[in-house]
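Below: the structure, in structure tokens.
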Amino acid sequence: MRFINASSAVDASEIPFDGATDRSPPKNRVRAGRPTKAQAEARHDELLERALDHFLEKGFEPATIEAIAADVSMTKRTVYARYPDKASLFRAAVRRGVERYAVSRETIEARRGTDLETTLVNIAKLRIALIATPKGLKLQRIINTESYRFPDIFNTYYQIATLPTVRFLADLLRAETAAGNLAIDDPLMAANVFMSMVVSGPARFITSGNPLIQQDVDNRVVFAVRLFLQGARPR
């Protein structure tokens, strides 16, 4: 019979199941905790930015939650906890893209010129230049492509990116009408017509893959602005 010296015995509670001799955490180990609000917001921003890149590069159908999650080192479960499906993530990503694309009222105001025609030309060129940027071009294309499936993204784009310019133009046209220089009954509608008439033509060329040289843009814009003003002046 074998006897065990009491002095060499070890309490069973001290023997870890994995063979380690000490299960207590090191005193200098930092335990992982819940992220701060700022950290969580930064991760969410990163998710939306990378999701937008995937949607812009691949389109809605080919882009996958799996690839997007992997790109930001998230699990699909984490993404689905905030966005229940790919459509809701797409809408949020496009909205974020539009918010980043839109210009402020101050930027629009800075395009005021010495006269009405110059101001209208400057505003039109600003809009066209935004559309012609790499990100702006992709954003326009995906909105044009997917608006049949997601009609709300077109409205999102209009409300965030277009309406501030339309309101600026409406205020300008209203003031010019009050001064007797124009005869416009509905300045807001006239501003929307201006955007369609002056900006949309060059924008369609650019988004269709037929870029215009700057001189062509300038000529088209000046011609369209003058035509618009001829129709808006008092008779």
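Computed from a predicted model, the values in this text were never measured in an experiment.
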- prompt: Any donor-acceptor pair under 3.5 Å linking the side chain of Glu49 with the backbone of Glu46?
  reply: no
field: Atom pair CG (Leu172) and CD1 (Ile108), whose distance is rounded to the nearest 0.5 Å
entry: 12.0 Å
- prompt: Thr177 side chain to Leu173 main-chain N or O, any donor-acceptor pair under 3.5 Å?
  reply: yes
- prompt: Which of these, Lys58, Lys138, Lys135, sits in a salt bridge (Lys or Arg N to Asp or Glu O under 4.0 Å) with Asp53?
  reply: Lys135
query: Salt bridge between Arg149 and Glu61, side-chain N to carboxylate O under 4.0 Å?
result: yes
- prompt: How long is the gap from CD on Gln214 to CG on Asp218, to the nearest 0.5 Å?
  reply: 4.5 Å
query: Looking at side-chain heavy atoms only, is the closest gap between Asp45 and Arg96 below 4.5 Å?
result: yes
field: Sidechain-backbone polar pair: Arg43 side chain, Val72 backbone, donor-acceptor under 3.5 Å
entry: yes
- prompt: Would you say Leu120 and Val198 make side-chain contact, with heavy atoms under 4.5 Å?
  reply: no
message: Treating Lys86 as the side-chain partner and Ala63 as the backbone partner, does any N or O pair qualify as donor plus acceptor under 3.5 Å?
response: yes
- prompt: How many angstroms lie between CZ in Arg77 and CZ in Arg82, if you round to the nearest 0.5 Å?
  reply: 15.5 Å
message: Looking at Arg167, I'd like to know if its CZ atom is crowded, meaning that more than 12 non-hydrogen atoms belonging to other residues, nucleotides or ligands lie closer than 6.0 Å.
response: no
- prompt: Can you check side-chain contact (heavy atoms from CB on, under 4.5 Å) on Phe168 and Leu163, steps first, answer last?
  reply: CA-CA 8 Å; Phe168 170 82; Leu163 190 55; over 6 Å; no
message: Could you go through Arg95 and Leu48, starting from their C-alpha distance and side-chain angles, then the distance that decides it, and tell me whether this counts as side-chain contact (heavy atoms from CB on, under 4.5 Å)?
response: CA-CA 9 Å; Arg95 183 180 186 88; Leu48 292 182; over 6 Å; no
message: Tell me whether Arg105 is salt-bridged to Glu109, with the criterion being a basic N under 4.0 Å from an acidic carboxylate O.
response: yes
field: side-chain contact (heavy atoms from CB on, under 4.5 Å), paired with Ile123, selected from Thr118, Thr165, Val225, Val199
entry: Thr165
- request: Kindly confirm or rule out a cation-pi arrangement of Arg220 over Phe205, judged by NZ or CZ under 6.0 Å from the six-membered ring centre and within 45° of its axis?
  value: yes
- prompt: Would a hydrophobic clustering, with Ile, Leu, Val, Met, Phe, Trp and Tyr connected at side-chain separations under 4.5 Å, put Phe223 with Val121?
  reply: yes
message: Do Leu188 and Val166 have side chains that approach each other closer than 4.5 Å (heavy atoms only, starting at C-beta)?
response: yes
task: Return yes if some donor-acceptor pair links the side-chain N/O of Ser88 with the main-chain N/O of Asp85 below 3.5 Å, else return no.
output: yes
message: Would you call the rings of Phe60 and Phe150 parallel, tilted or perpendicular, taking 30° and 60° as the class edges?
response: perpendicular
message: Side chains of Tyr83 and Ile65, heavy atoms from C-beta outward: is any pair under 4.5 Å?
response: no
message: Donor-acceptor check, side chain of Thr119 to backbone of Gly113, threshold 3.5 angstrom: yes or no?
response: yes
query: Would Asp152 and Tyr157 count as a side-chain hydrogen bond (donor to acceptor under 3.5 Å, both in side chains) if you check the C-alpha gap in whole Å, the side-chain angles of each, and the deciding distance to 0.1 Å?
result: CA-CA 9 Å; Asp152 52 298; Tyr157 177 84; over 6 Å; no
